[in-house]
Amino acid sequence: MAEPSLPNSVSLAFVESLYEDFLRNPESVPQDWRNYFQGLSDGNGSTRAQRLSPSFKTWSIFNPPAAHGNGAVTEEVTTALLQERVDQLIRNYRVRGHIVAQIDPLGIPRPMAPELELGFYDLTEADLPRRVACESMCGGSTMPIGEIRERLRNTYCRSIGVQFMHIDDLDVRHWLQERMEGTGNHLHLTHDEQIRILTRLTDAVIFEEFIRKKFIGAKSFSLEGAESLIPLLDLAIERAGEHGIDEIVLGMAHRGRLNVLANIMGKSPRQIFREFADLDSDLYVGGRGDVKYHLGYSSDWETLSGRKIHLSLCFNPSHLEFVNPVALGRMRAKQDRARDEERKRGMVVLIHGDAAFAGEGIIQETLNLSQLAAYRVGGTLHIVINNQIGFTTSPEQAKSSVYATDVAKMLQIPIFHVNGEDPEAVAQVVRLAMDFRREFEVDVVIDMWCYRRLGHNEGDEPLFTQPVLYRAIKQRKPVREGYLEHLLKLQGVTGDEADEIAVSRQEHLERELSQATSGTYTAPSEAPRGIWSGYTGGPERDVEDVDTSVDRDRLVELLEMQTTLPADFHPHSKIESAVRLRRQMAKGERPLDWSAGEALGFATVATEGARVRLSGQDAERGTFSHRHAVLHDIETGRVYLPYQNLAPDQSPVEIYNSPLSEPGVLGFEYGYSLDMPDGLVLWEAQFGDFWNVAQMIVDQFIAAAEEKWRRLSGITLLLPHGMEGQGPEHSSARLERFLEVAADDNIQVVQPTTPAQYFHCLRRQVLRRWRKPLVVMTPKSLLRHPRVTSSLDDFALGRFERILADAKSNAAEVGRIVMCSGKIYFDLERERERQGRKDVAILRLEQLYPLSDETVDAALRAYRDGTPLYWVQEEPENMGAWRFLKIRFGEAVLGRLPFKGISRPASASPATGSHSSHRKEQEQLIAAAFA
Ligand SMILES: Cc1ncc(C[n+]2csc(CCOP(=O)(O)OP(=O)(O)O)c2C)c(N)n1
Ligand SMILES: [Mg+2]
């Protein structure tokens, strides 16, 4: 086919317009173009590139019509065309190079990428000497195509595969291109650096071998096959030091954890061996303590340049990946303590398994937190120990994505896949990832491909399920051996030097082992240290109650301050009326409502020096529109934060809308509480029952951390609770589930029914030196209930009462005691008034746990023996507090008041979906209480 000439590649627009003309009227374009376009439309004459490419633009570039008119294709034209094709080739190496990169030490065949072959662009080997330009590889000059291709192969297809072309920002992509293509993605290491890598690999290998030999059959979740993790972390921490980082929080699962504890965290092998020997069982009777590969540790690392970096490895439960938001929260709190608002001084390192990274939803939730102002920590380094297996499950059963890390592409960050058997490539990737993180203050992912030499744990037989794979793995020489051979070849190290490193490590471990089992071993102290000194856990009876009252004038002042908006601020009219009501409360003209109680709780602790941080879904306004912690000017949209304008020297009150996530956000706030013992750290559920999405954070961290890990937390959960006819899912905060995990005074569960009770409870949480998670069942309809009010005196003179006595009945006349908790109290009280009953006392159990006999006795002492005590609850019989209390008190409370329960019948679902049946049920319930 005669082909018309294409003046140069820039004239694509010209060709396109010609093609449009052709489509409209074929006669309107010159004959040769007409032939060419016809060829395209009937599929004739197209090259492989044309067939594969859907775009007309690409066709015209790859197979342009040739000479037209004078028939000569100028030199300039061919150069431009060549450049276009090579540009496409370069681009495709950047986009697709990772597909063929040699990142898998097991060499399992990877897909082909036709776009990386010369023929795809109608280029041949003969074109390789021709020179073209490439900005990132040769600046303003040119290079032979062959050299460019070689550089691209080295950069993108050797031991490193990079996914970064999903990043939209051109500057970010250029930064990466320059850093990678400029060096062929290769780091030139000095002799000392090579020796250090070899030494760290030796540390890793010797430790695993030692454990395996000395503690035969014990579970250690060996790192073998992935030993490069140790030099990787070593290099990352050193680089962090160069970046001015002085705190690192690490989170990781079981795999290689003991190795990391010994070789990175600096935990003495002696202590680890002692735990293996299990000689201190007396410390752990009664379900206390945890297995050794879940324990946390902290220490100081000294970098080569003499800088100190504090490392904290978070304790974590077996539940994979849930430690991630906890680690982020810890770092955020550390940064806040250090007033590091730029979030530059700390870094989080999260180490993941490949199956867990692909499978656990908490990964996505944690990544989603990374760029949010309320949760940012300046970028996390994610390291995936990609051993290409999860227990006995192969990758093709474990993920629908190509890579285990694909979920991370939701962020505008690079993902570096690297062959863990090439320690120098690992070193290059670490440097690049760390520098990228620092430059752009975002997360970055290193996916280190390796294998698992043994079974899932040491007692496990991998040949049952992966016989072929494990035969292949058996043939692999250990990574240290491979690297040593490489260095020997380079004459960077001698065999004797390498042996010396190994022998000295071995001897060190032998000495540690004999110390571990000797009679002189002393266990390290577990007493709270650093910012935690002076705080206690343990039983509530061991701590004094504190005075939580606040001087009345001060309360008035704080209420007024919150109602003073800037002169040029235009609030919504309803906000204006709320502000007016607040002013009346301040003047003592009306009692305080729930919202004012909370406001005073936050304001008083913040002005006394404690930081307040609350996050949750729509927490700024409050789901039920009661909080209004962030006011929006209705004309300009500008925001005003009343809580941040209380006093120049106040502590911050940060109230944030969270993303729509429960485990991620609760995990984060829990982590924050671990490093902010002196603050009031709260998480609010939109409706109380949504915490069940985050149940794992409650069960494995909040409820059990003190017993498992001796770690305290004052995290406070605000959970709207109460049966109001809103259906099965907006009624119950599943009180029963908290009471089920309540033991050894591990948590506090309260349901305050007055604003002042809530106020005192919040203050008590900060003012006591006793740090315990606090679960508050909070109101919904009661937020505006006319009886749910407190006077200023209740705030100024009162304190939190665990049981609210009945001031309206006379004990001598009482023949029936009704005890309840929460909202039902107001229904019961109204009914008692309606019936004019003087023989019924109604007591409110405001603190359901811990609940001491002394507290109960003090509340019930006045009543005659034998007076029946009815527990009345809105919840079905199998929910709420009934079964917990039934077991607690048995047939008779304190052995003298016969004990019975009144509730809705047992039910699988917490509440009915019909508002009118809710009302009927409620009426029956209340009637039964007075029967
Ligand atoms: C939430 C959760 N589900 C299941 C398990 C059980 N489990 C422990 S390790 C493991 C496999 C993990 O595979 P991977 O993430 O690839 O880590 P690897 O052991 O291969 O290093 C499983 C299923 C768990 N610990 N936590
Ligand atoms: Mg795995």
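Start at 1 and go down the list; that is how both ligands and their atoms are numbered.
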Look at [atom] and say which protein heavy atom is nearest, naming residue and atom and giving the distance to 0.1 Å.
| atom | result |
| --- | --- |
| atom 3 (N) of ligand 1 | E360 OE2, 3.9 Å |
| atom 11 (C) of ligand 1 | F391 N, 3.6 Å |
| atom 4 (C) of ligand 1 | L320 CD1, 4.6 Å |
| atom 17 (O) of ligand 1 | G353 CA, 3.7 Å |
| atom 16 (O) of ligand 1 | D354 OD1, 2.6 Å |
| atom 9 (S) of ligand 1 | H456 CE1, 3.2 Å |

Mind checking whether [X] has an N or O less than 3.5 Å away from an N or O of ligand 1?
| X | answer |
| --- | --- |
| H319 | no |
| G390 | no |
| A355 | yes |
| N387 | yes |

- Message: Would you say the Mg ion (ligand 2) has I389 as a near neighbour, meaning an N/O/S atom of that residue under 2.8 Å away?
- Response: yes

- Below 2.8 Å, any N, O or S contact between N386 and the Mg ion (ligand 2)? no

Flag for [Y]-[X]: side-chain donor and acceptor within less than 3.5 Å:
| X | Y | answer |
| --- | --- | --- |
| Q428 | N185 | yes |
| D689 | W691 | no |
| Y483 | E421 | no |

- Message: Has R452 got a side-chain atom pairing as donor or acceptor with L454's backbone, closer than 3.5 angstrom?
- Response: yes

Quick one: are the ring centres of [X] and [Y] less than 6.0 Å apart?
| X | Y | answer |
| --- | --- | --- |
| H319 | H294 | no |
| F273 | F210 | yes |
| W709 | F701 | yes |

- Task: Measure H254 to ligand 1 on non-hydrogen atoms and call it side chain, backbone, both or neither using the 4.0 Å cut-off.
- Result: side chain

- If the plane angle is over 60° it's perpendicular, under 30° parallel, otherwise tilted; pick one for Y293 and F221. perpendicular

- Note on the structure: Only one of E458, R212, R257, H254 passes side chain to side chain donor-acceptor pair (under 3.5 Å) with S220, and that residue is E458

- So which N/O/S atom does D354 have closest to the Mg ion (ligand 2)? OD1

- Check whether NZ of the Lys or CZ of the Arg R476 lies under 6.0 Å from the centre of the six-membered ring of Y470 and within 45 degrees of that ring's axis. no

- Under 4.0 Å from any heavy atom of R255, which atoms of ligand 1 are there? 18 (P), 19 (O), 21 (O)

- Item | Atoms in ligand 1 flagged as close to S318, the criterion being non-hydrogen separation under 4.0 Å | 24 (C), 25 (N), 26 (N)

- Tell me which one of P395, A358, A226, A356 gets a heavy atom nearest to atom 15 (O) of ligand 1. A356

- T380 side, atom OG1; L250 side, atom CG - distance, nearest 0.5 Å: 11.0 Å

- atom 24 (C) of ligand 1 protein-contacted (non-hydrogen atom, under 4.0 angstrom): yes

